[in-house]
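All of these numbers come straight from a predicted model, not from anything done at the bench. Computed over heavy atoms, backbone and side chain alike; hydrogens, waters and symmetry mates excluded.
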Amino acid sequence: MKILGVDVGGSGIKGAIVDTETGELLTERVRIQTPQPATPEAVGLTLRQLVQQHDWNGPVGIGFPAAIQHGIARTAANIDSAFIGLSVADYFSEQTGCPCFVANDADVAGMAEMRFGAGKDHRGVVLIVTIGTGLGTAFFTNGQLLPNTELGHIYLKNGMEAEHYASEAVRDAEGLKWKQWGERFNRYLTTMEALFWPDLVILGGGASAKLEKYAAQITVRAPVVAASFLNQAGIVGAALYSESQLPR
Ligand code: BGC
C-alpha cells in the first residue's frame, strides 16, 4: 500500500510516499523547515503544504516528537506547549483533509527497523535511540513495542537531562568533536544499559550515519548499530504505523 509518511522533527518536517510492502520511498524526500514557534496551527499548515506538494489525498502517517497516548499529545519538549492535551491525529486530519495517524517519532522509527531494518526478526530486547533535536527512544521485546518511553529525559549522574547533554542539537550548539560527543553519548548508553540491558541498540537520526566517527567511544556490551534506514526510519515507520491503524 502507498502511504504518505511524515517525520515531524524539531528542525525539519520531512515526508515521502512510502511503499509499506517493502519500506521503500517511492518519491524523493521533501524537507520543510519546522515553523518556529511550532504551534499546532503552524505545524498543521506545513503538513497541508506537504500533502499538497505530493498531490495526496490518502492516509498520512505522522511520527511526532512527543508522547502520544491514543492520539493525544502528552508532552512537548521540542515543540510548542499548546500541543499538550491536543488530539493531534484529529487536528491534523482536519488541517490536511486527509486521514492522519500519529504516534511518537522514535516508536515509529523503531517499527521500520524492526520490520525491515537492523532489528528484523530480532527476538529479545531492542532499544532504538533517535538522535536529533532531542533524544528519542523505543523499546521492543520479542518484536512487541512498549510505546512512549521518554528515556531521553532521564537524568544522568552528572545531574543533566540526557537530551540536554548528548543530543545532535547539543553537539551542534557546543561545537563538540565527534569523539567528545561520543563520550557523552556513551555515558547515556551505559546508563540505559545499566537500567534495561538491551540485547541490541539501534541508532537513528542524523548522527546514525556517522557512527564510525564515534564507534570507538562506545563501550556498552550490546551491539550498537546504525538504523538501516538511517534518518529515514521515521518516514517509513510513520507510514507503517498508519497502515496498521487503517480498518481492514
Ligand atoms: C521527546 C520525545 C521524542 C524525542 C525525539 C523528546 O524530546 O520528548 O517524545 O521522541 O524528543 O524527537
Quiz item: Asp199 side chain to Ala222 main-chain N or O, any donor-acceptor pair under 3.5 Å?
Solution: no

Quiz item: Do the side chains of Leu189 and Val129 get nearer than 4.5 Å, heavy atoms only?
Solution: yes

Quiz item: Considering only heavy atoms from C-beta outward, does the side chain of Lys2 approach that of Leu26 to under 4.5 Å?
Solution: yes

Quiz prompt | Atom of Glu163, atom of Asn78 and distance for their closest heavy-atom approach | solution = OE2-ND2, 3.4 Å

Self-check item: Flag side-chain contact, heavy atom, 4.5 Å: Leu127 against Thr137
Solution: yes

Quiz item: Where does the angle between the aromatic ring planes of Phe196 and Phe139 fall among parallel (under 30°), tilted (30 to 60°) and perpendicular (over 60°)?
Solution: tilted

Self-check item: Shortest non-hydrogen contact between Glu168 and Ile131, atoms and distance
Solution: N-CG2, 3.7 Å

Self-check item: Donor-acceptor contact present, side-chain Asp80 to main-chain Ala82, <3.5 Å
Solution: yes

Quiz item: Hey, does the side chain of Gln217 reach the backbone of Gln180 with a donor-acceptor pair shorter than 3.5 angstrom?
Solution: no

Quiz item: What is the ring orientation for Trp181 with Phe185, classed by angle as parallel under 30°, tilted 30 to 60°, or perpendicular over 60°?
Solution: parallel

Quiz item: Where do Asn186 and Ile218 come nearest, in terms of heavy atoms and distance?
Solution: OD1-CA, 3.4 Å

Exercise. Could you tell me whether the side chain of Tyr214 and the main chain of Ala207 form a donor-acceptor pair under 3.5 Å?
Key: yes

Practice problem: May I ask you to decide if Gly134's main-chain N or O and Ser167's side chain share a donor-acceptor pair within less than 3.5 Å? | Solution: no

Quiz item: Between Cys98 and Val51, what is the shortest heavy-atom contact and its length?
Solution: SG-CG1, 3.7 Å

Quiz item: How long is the gap from OH on Tyr188 to CE on Met160, to the nearest 0.5 Å?
Solution: 14.0 Å

Exercise. Taking the side chain as every heavy atom from C-beta outward, state whether Leu246 and Ile3 have any pair of such atoms under 4.5 Å apart.
Key: yes

Quiz item: Given side chains that start at C-beta, do those of Ile17 and Trp56 come closer than 4.5 Å, heavy atoms only?
Solution: yes

Quiz item: If every non-hydrogen atom of His54 is compared with every non-hydrogen atom of Leu50, which pair is closest and at what distance?
Solution: ND1-O, 2.8 Å

Quiz item: Is Lys179 paired with Glu183 through a side-chain N to carboxylate O contact shorter than 4.0 Å?
Solution: yes

Quiz item: Any donor-acceptor pair under 3.5 Å linking the side chain of Glu193 with the backbone of Arg221?
Solution: yes

Quiz item: Is there side-chain contact between Asn104 and Tyr241, with heavy atoms separated by less than 4.5 Å?
Solution: no

Quiz item: Once you round to the nearest 0.5 Å, how far does CD of Gln52 lie from CG of Asn57?
Solution: 11.5 Å

Quiz item: Where is the tightest heavy-atom contact between Ala238 and Gly63, given as atom of each residue plus distance?
Solution: CB-N, 3.7 Å

Quiz item: Does the side chain of Arg74 reach to within under 4.5 Å of the side chain of Ile72, using non-hydrogen atoms?
Solution: yes

Quiz item: Salt bridge check: are Arg184 and Glu174 linked by an N-O gap of less than 4.0 Å?
Solution: yes

Exercise. Taking the side chain as every heavy atom from C-beta outward, state whether Phe101 and Pro59 have any atom pair closer than 4.5 Å.
Key: yes

Self-check item: Backbone N/O of Thr20 and side chain of Arg115: donor-acceptor pair under 3.5 Å
Solution: yes

Practice problem: For Thr133 and Ala169, indicate whether the former's side chain and the latter's backbone hold a donor-acceptor pair under 3.5 Å. | Solution: no

Practice problem: With Phe140 as reference, evaluate Ile128, Leu146, Asp107, Leu200 under the side-chain contact (heavy atoms from CB on, under 4.5 Å) test and give the passing residue. | Solution: Ile128

Quiz item: For Leu151, does its backbone N or O pair with a side-chain atom of Thr149 as donor and acceptor, under 3.5 Å?
Solution: no

Practice problem: Verify, without hydrogens or angle tests, whether Ser228 (side chain) and Ala118 (backbone) share a donor-acceptor contact under 3.5 angstrom. | Solution: yes

